[in-house]
Amino acid sequence: MRMVMRSRFTRLGRLGEVSTVAKCSKCGSKAVIKIPYARMNLCEMHFIEYFEGRVATTVKKYDLLKEGESVLVAVSGGKDSVALLSALTAVAPELRLKVMPLHIHLGLGEYSDESLRVTKEVSRKLGVNTFILSLEEVVGATIPELSAKSSRPPCAVCGLVKRYVLNAAAIEWGVDAVATGHHIDDLAPYALKNILLGDMGAALKLAPVTTGEEGYLARRVRPLYEVTERECLIYAIIKGLPFVKTLCPNVFLGGMDALIRRFLYELDLRHPGVKLRFMRSLARMATRYGVSQARTQAELTRCKYCGLPSRSDVCGFCRLTERVLGSPAGPMVREALKDVRASSH
Amino acid sequence: MIVRVKIHPTKREVTIEKPGRKVVRVMTLLRELGYGVYEVVVVKGGRPLTEDDVVADGDEVEVYEVRSAG
Ligand SMILES: [Zn+2]
Ligand SMILES: [Zn+2]
């Protein structure tokens with residue numbers, strides 16, 4: 001039996017410092033990560049095994065995807081979505097899943113061009129065929145243009161467009177679910193914020209899975225629900241996966257969200273695992289009550305233009321594009337997605 | 001000792017000087033840079049370092065800020 005060495009003390013010269021070189025809890029070789037909540041240190045190989053295992057366990061434990069199902073993976077080119085695509089591709093044979101990556105070129109100048117370049121490189125590296133949709137080519141406008149002409153914040157427009165396109169693609173292509181790269185550090189602050197603001201319904205929508213409605217609302221799944229943002233980054237680095245290293249030009253890291261995030265960071269530092277326990281209890285609650293993406297059945301209606309889910313007779317995407325471009329772009333996007341799929345065969 | 005640090009995503013480059021030292025722990029380096037241990041990933045030669053590892057004179061490391069939403 002191999003002896004597990006947790007640490008080794010090394011005197012690094014009279015003028016240096018005393019170092020406790022962390023050893024892998026599984027094999028004793030040099031650790032590249034310490035995971036306090038799991039009380040483990042792991043080497044490169046065992047961390048990859050741990051990360052991918054955690055993704056597979058999340059998929060099974062929360063019933064995100066069943067054997068034989070297909071999953072559309074949203075790939076932006078950022079570290080999280082790149083880690084998601086890589087891990088899902090790795091566990092797909094074991095879980096019998098069909099992985100279908102989709103990248104949306106949002107027209108955010110150099111940032112979007114770099115995102116596309118990285119996505120193509122990652123896809124090549126992982127041996128997957130990624131579908132690509134250019135917003136500007138399909139609707140004739142970029143996110144900054146849609147934002148400026150509608151006087152809505154770019155992040156709100158971007159979120160709306162991405163949600164719409166991902167759902168439309170899943171419906172158009174008959175895919176069973178849409179997977180996004182949201183990890184615990186994306187989700188936990190929003191869950192806590194919603195609870196603090198008294199919106200339990202919104203908090204429960206941050207569960208690992210939100211159900212869909214056959215034919216027009218795809219199930220959304222979050223395979224990175226139990227991994228941290230730092231783990232995603234380390235996984236991408238160890239696997240040698242390219243990812244976009246610049247910030248989105250519209251990103252805003254401040255306000256209440258940043259404060260809550262800071263609080264959770266400090267809390268988890270002093271009480272490792274509390275963030276995970278919080279999100280697991282949220283997931284249990286969501287399972288107990290059942291979480292649909294629409295909070296009530298009454299909210300589920302179909303857009304008169306594109307036929308996809310809407311809270312009123314026109315969906316958010318068709319309303320935005322109608323206002324900015326003169327005609328609703330939903331039907332155009334659905335048509336374009338058919339072409340994207342066909343041209344990739 | 002002198003260690004060169006490149007920080008992502010800002011691409012800022014910093015030189016850390018520790019006269020009289022041969023090595024310095026990653027934890028010390030991060031304190032110097034104003035980061036918490038779990039706010040970043042420190043990489044040397046393409047491999048992540050833990051906070052307990054040391055960097056030596058002439059080393060070049062990359063520091064990736066974890067929170068770089070995009
Ligand atoms: Zn190991
Ligand atoms: Zn519509």
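It should be emphasised that the depicted structure is a prediction, and the values quoted were computed from it without experimental measurement. Throughout, a chain's letter reflects where its sequence line sits, starting with A, and its residues are numbered from 1.
- Within the cation-pi definition used here (under 6.0 Å to the ring centroid, within 45° of the axis), A:K245 qualifies as a partner of A:F243.
- In this structure, the portion of B:V40 lying under 4.5 Å from any heavy atom of chain A is its backbone and not its side chain.
- Defined by atom type and a distance below 3.5 Å, a donor-acceptor pair is present between the side-chain atoms of A:D113 and A:H105.
- Of the atoms belonging to B:K11, it is side-chain heavy atoms, and not backbone ones, that fall under 4.5 Å from chain A.
- For B:R47, the CZ atom sits in a loose shell: 12 or fewer heavy atoms of surrounding residues, nucleotides or ligands are nearer than 6.0 Å.
- Of the atoms belonging to A:L108, not a single heavy atom falls under 4.5 Å from chain B.
- Ranked by heavy-atom pairs under 4.5 Å with chain A, the list B:P48, B:G46, B:G36, B:A56 is led by B:P48.
- At most 12 heavy atoms of other shown residues, nucleotides or ligands fall within 6.0 angstrom of atom NZ in A:K120.
- Within 6.0 Å of the OH atom in A:Y190, the count of heavy atoms belonging to other residues, nucleotides or ligands does not exceed 12.
- Within the 4.5 angstrom heavy-atom criterion, only side-chain atoms of A:Y265, from C-beta onward, approach chain B.
- In terms of non-hydrogen atom pairs under 4.5 Å with chain B, the most contact-rich of A:I234, A:L269, A:L233, A:D268 is A:L233.
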